[in-house]
Participant: 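One structure is given below, represented as structure tokens, and several questions about it will come after.
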Amino acid sequence: MGRALSNNLINMGIKEAVQEVLRDMEINYNVIEDEEPDAGLGNGGLGRLAACFLDSLATLDYPGHGYGIRYEYGMFEQHIEDGYQVEYPDNWLKYRDPWEIRRSDLAVTVVFGGHVNVRRDENGRDHFSVEGGEVVTATPYDMPIIGYDTKTVNTLRLWEATSPNGFDLQLFNNMEYTKAVERQTSAENISRVLYPNDSGPSGKALRLKQQYFFTSASLQDLIRAYVAKYGKDFSHFAELHVIQLNDTHPVVAIPELMRIFLDVYSLQWDEAWDIVTKTFAYTNHTILAEALEKWPIDIFQGLLPRIYQIVEEINRRFLIELREKYPSDYQRHDSMSIISHGMIYMAWLAIHGSFSVNGVAALHTEILKTQELRNWAELYPHKFNNKTNGVTQRRWLLCANPALSDFITEKIGHGWEKDLSKLKGLEKFADDSAAQQQFLDIKRANKQKLAEYLKVTQNEFLDPDSIFDVQIKRLHEYKRQLLNILHIMYLYNKIIEDPSFDMPARTFIFGAKAASGYRRAKTIIKLINTVAERINNDRRVKGKLRVVFVENYRVSVAEKIFPASDVSEQISTAGKEASGTGNMKFMLNGALTLGTMDGANIEIVEEAGAENAFIFGLTAEAIAKIEEEHSYVPQKYLDRNPGLAKVISQLVDGTYDPTGRLFKELHDSLVYGIEGQRPDVYYVLADFDAYVEAQEKVAHAYLDSKNWAKMALLNIARAGKFSSDRTIEDYVRDIWKLKKVTF
Ligand SMILES: *Cc1c(COP(=O)(O)O)cnc(C)c1O
């Protein structure tokens, strides 16, 4: 969610009034603003998307609410020490959260473990209950989600885990202090800390416990409100609720809602399943195979014995359907079975248990339908649909970039704040020389501001007249920060070797957290910082080149960087980035996209026009073909380009690390393939030449500042599609069928 203060004041229309009052009191608003810690309750794009959706829902007067976990410790705080990422706990609740309201009156209980007890009644129906499990109290804390220029305030309800049993006084009196609080500690651990994995496996029992904890609590919350109003006739439940599953993390909600209907309210299976499958909808956020969530049966069954029985029954009935539809296609049965090879496949459960399955950009949805989820799209073609992501212009333009916002309003008036398609009106200013200069002045001032911030926070010296070329996003091999830094090493060599080589001054800015267990990602951070240290201290580059790694990248830092960016690095391996949303924030702030034909980049270029972006590299189609033919030979690219070969050998020849060992892993993964992987899994070497060429075009284009401003203005003018307001209207129309609230 990031910070709430400025956003809430702006959405309530009172920011200027508050600033004025503070000025009278000689209090600096910005100092106050910087006191608020980010609510870092998510990992990256997926969580921030949900936050943008909440803002749009409230602003558009839709009754749409969020559920999650009130982590005591959010996303870790990243420090860079000797070039390495070091993680520190994010104690964001140290001074409590002034926005949250604790609702002890709405607490519920969630049970883990135990054993399933069956009792057969006089009519022959079995009644199931769980006995002897660990009982945990879930207490909700409500965060207000305040719509912009409207009275609607929705709720983000976050659950805290505690033990209802207090501590054991007997043990305490016997001085067994640790044991005395064991039950408390075990319960509280559930909402202790966010797992910092982004698009990768977590695989830990505590993670599954978190998933069941917050979904069970949330469903009980919904059911209680429903029963209070409509009684125990659930025939209207599905008309009144859609539960949108944000990836597979909350998918255990499907069997949990079955449990509540079957075991608590004694519905028949078919009746319960009919309601459940009209209630859930599932959004897929990634096609990376390693991110498809699966749980070992023994962990799942031990933690959730009754839920496991229900999943087995869902799968038993599903397999009967499947065998009827595809008799003797055993391969298909096996690959679609929700339980197989000792594992439970959460994505399969999600698709089978939902009435809608959507991807998050056109290309992504197409890849799902034709490749990763092909069997499922054949079985349930009516379920599949696309909802291209978006971002809220209130936070990412109005709040984050007041100067550009004022410029836009001066040119086209108000209205874009709630209808981003109105930005189209800027197109006619793209050729206006005065407007171009205004834009350049605003960008320059924003760059100056970022430079001042980084001077204070990191003692970095940035030249606001250089190109700010920015890659900010989670660190992942598929996002290819490695391609970016290899190109910087290449430029550095060129500057040193060829004194006649000229280019506009460039500042390369990185911001990225790596999952704490993702060794190779952390090595890439170390490489970026090592190269930065070398280049920034080499007098020979004479202000031509600077590399900056922004520590502890998060929403509040992102809000300072996007407005100051010239170039938006969106260079993932084609076919790997589901959508991206950072790409949209850059576009909205007048940065030009340097990217591959991946995720929503494709739709961004479609809107902006190919002539207003720098597109390079293999397409998803070309890569799919290479993979089919097993025809990729990375060595070929090294033989062909001595400049590239030099950069790759510099990873191990002592240039950046005297031992030659630090970056050997990166070197070998590109050249030989290690740990059972193919060499260069993400096609860094294959795309290198095209990337260099695209970067040359960027440098050349930047020299013509008026034309650069024109391209940027056209990007802004054509960013309307990428408002999360548009995305929400798409969900409302096709999936949720929501009506606006009226006052
Ligand atoms: C938008 C955003 C992201 C997502 O960035 P991508 O480039 O789409 O991966 C991640 N983290 C933060 C803090 C963001 O604001």
Side-chain angles (χ1 to χ4, degrees), residues 62-67 103 105-111 116-130 138 140 154-155 157 159 211-246 250-282 304 306-318 321 338 349-357 380 382-383 731-732 735-739 741:
Y62 289 116
H65 307 276
Y67 280 109
R103 296 294 306 269
D105 54 319
L106 298 179
V108 297
T109 57
V110 178
V111 179
V116 180
N117 187 50
V118 193
R119 177 182 62 81
R120 183 157 294 178
D121 69 16
E122 54 281 7
N123 304 318
R125 174 170 171 151
D126 289 338
H127 294 264
F128 297 84
S129 57
V130 175
N154 289 335
T155 302
R157 183 158 283 176
W159 298 98
Q211 296 182 348
Y212 183 69
F213 167 74
F214 98 92
T215 53
S216 175
S218 305
L219 288 171
Q220 292 180 56
D221 195 48
L222 293 179
I223 296 273
R224 176 165 53 195
Y226 179 89
V227 169
K229 194 155 177 192
Y230 301 93
K232 295 175 184 176
D233 168 9
F234 289 99
S235 58
H236 298 290
F237 189 84
E239 292 160 35
L240 292 165
H241 301 87
V242 175
I243 301 174
Q244 190 71 41
L245 300 166
N246 200 18
V251 164
V252 70
I254 290 172
E256 170 65 2
L257 187 56
M258 284 298 287
R259 184 194 66 81
I260 293 170
F261 284 152
L262 296 170
D263 297 0
V264 182
Y265 294 99
S266 301
L267 269 60
Q268 299 295 323
W269 181 280
D270 289 329
E271 190 187 355
W273 185 246
D274 184 59
I275 301 170
V276 165
T277 50
K278 286 176 175 154
T279 298
F280 286 101
Y282 161 60
L304 310 168
R306 177 60 182 145
I307 297 299
Y308 180 68
Q309 286 183 339
I310 292 169
V311 174
E312 272 197 324
E313 181 61 13
I314 291 171
N315 194 43
R316 190 185 68 78
R317 289 166 181 250
F318 170 58
E321 270 178 50
I338 295 163
L349 181 56
I351 301 167
H352 180 55
S354 298
F355 67 87
S356 165
V357 177
Y380 299 133
H382 54 284
K383 292 190 184 185
Y731 276 93
V732 165
I735 305 176
W736 302 337
K737 321 281 182 198
L738 269 177
K739 280 207 265 299
V741 295

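Here the structure is a predicted model, which means the values were calculated and not measured. Along the sequence shown, residues carry numbers from 1.
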Participant: Salt bridge check: are E313 and R317 linked by an N-O gap of less than 4.0 Å?
Facilitator: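 Yes, charged N to carboxylate O under 4.0 Å.
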
Participant: Passes side-chain contact (heavy atoms from CB on, under 4.5 Å), Y265 versus D233? Steps please.
Facilitator: CA-CA 9 Å; Y265 294 99; D233 168 9; over 6 Å; no

Participant: Tell me if a side-chain donor or acceptor on R125 pairs with a main-chain N or O of S266 at a distance below 3.5 Å.
Facilitator: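 Such a contact is found between R125 side chain and S266 backbone.
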
Participant: Shortest non-hydrogen contact from L349 to I254?
Facilitator: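 The answer is O-CD1, 3.7 Å.
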
Participant: Determine yes or no for a side-chain-to-main-chain donor-acceptor pair under 3.5 angstrom, with H65 supplying the side chain and T155 the backbone.
Facilitator: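 Pair found, side chain donor or acceptor close to backbone of T155.
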
Participant: Which residue, V111, V311, N117, L262, forms the side chain to side chain contact (heavy atoms under 4.5 Å, CB included) with R306?
Facilitator: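 Exactly one candidate clears the test, L262.
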
Participant: Under 30°, 30 to 60°, or over 60°: which ring-plane class applies to Y380 and H382, parallel, tilted or perpendicular?
Facilitator: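 Ring orientation, 0 to 90° scale: perpendicular.
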
Participant: Just do the side-chain contact (heavy atoms from CB on, under 4.5 Å) check on W269 and M258 with the steps written out, would you?
Facilitator: CA-CA 8 Å; W269 181 280; M258 284 298 287; 3.6 Å; yes

Participant: Report the distance from atom CZ of F234 to atom CG of D274, rounding to the nearest 0.5 Å.
Facilitator: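 Taking CZ in F234 and CG in D274, the distance rounds to 14.5 Å.
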
Participant: Do you know the tightest heavy-atom contact between V110 and A217?
Facilitator: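 Of all heavy-atom pairs spanning V110 and A217, the closest is CG2-N, 4.1 Å.
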
Participant: Quick check: closest heavy atoms across H352 and T277, and the distance to 0.1 Å?
Facilitator: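 In this case the closest contact between H352 and T277 is O-CG2, 4.1 Å.
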
Participant: Would you find a donor on one side and an acceptor on the other, under 3.5 Å apart, between the side chain of Q211 and the backbone of V251?
Facilitator: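 No, the answer is negative, given that no donor and acceptor are paired below the 3.5 Å cut-off.
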
Participant: Heavy atoms, side chains only, cut-off 4.5 Å: are Y731 and V242 in contact?
Facilitator: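 They are not in contact (no side-chain heavy atoms under 4.5 Å apart), so the answer is no.
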
Participant: Is there a donor-acceptor contact under 3.5 Å from the side chain of N315 to the main chain of I338?
Facilitator: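 It does hold such a pair.
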
Participant: Quick check for you: to the nearest 0.5 Å, what is the distance between E256 atom CD and I307 atom CD1?
Facilitator: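 Nearest 0.5 Å value for the CD-CD1 distance: 4.5 Å.
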
Participant: For residues L267 and I275, determine if any side-chain heavy atom of one lies less than 4.5 Å from a side-chain heavy atom of the other.
Facilitator: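 Yes - at least one pair of side-chain heavy atoms lies under 4.5 Å apart.
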
Participant: Which is it for Y67 and T215 under the side-chain contact (heavy atoms from CB on, under 4.5 Å) test, yes or no, and what are the steps along the way?
Facilitator: CA-CA 8 Å; Y67 280 109; T215 53; over 6 Å; no

Participant: When you look at L222 and L257, which way does the side-chain contact (heavy atoms from CB on, under 4.5 Å) test go after all the steps?
Facilitator: CA-CA 10 Å; L222 293 179; L257 187 56; over 6 Å; no

Participant: If the condition is salt bridge (charged side-chain N to carboxylate O under 4.0 Å, His left out), which residues does E239 pass it with, not counting sequence neighbours?
Facilitator: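 E239: no salt bridge (charged side-chain N to carboxylate O under 4.0 Å, His left out) contacts found.
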
Participant: Hey, is the main chain of L106 close enough, under 3.5 Å, to the side chain of R224 for a donor-acceptor pair?
Facilitator: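 Between the backbone of L106 and the side chain of R224 there is a qualifying donor-acceptor contact (under 3.5 Å).
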
Participant: How far does CG of L738 sit from OH of Y62, to the nearest 0.5 angstrom?
Facilitator: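 L738 atom CG to Y62 atom OH measures 7.5 Å (nearest 0.5 Å).
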
Participant: Does any donor atom in the side chain of Y226 or H236 lie under 3.5 Å from an acceptor atom in the other side chain?
Facilitator: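 Per modelled atom types, Y226 and H236 side chains form no pair under 3.5 Å.
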
Participant: Show the nearest heavy-atom pair for residues K383 and S354, with the distance to one decimal.
Facilitator: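 So the minimum-distance heavy-atom pair works out to NZ-O, 2.8 Å.
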
Participant: Looking at every heavy atom in both A272 and F261, which two are closest together, and how far apart are they?
Facilitator: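 Of all heavy-atom pairs spanning A272 and F261, the closest is CB-CB, 3.8 Å.
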
Participant: Which atoms form the tightest heavy-atom contact between A138 and F213, and what is the distance?
Facilitator: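 Smallest interatomic distance, heavy atoms only, reads CB-CE1, 3.4 Å.
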
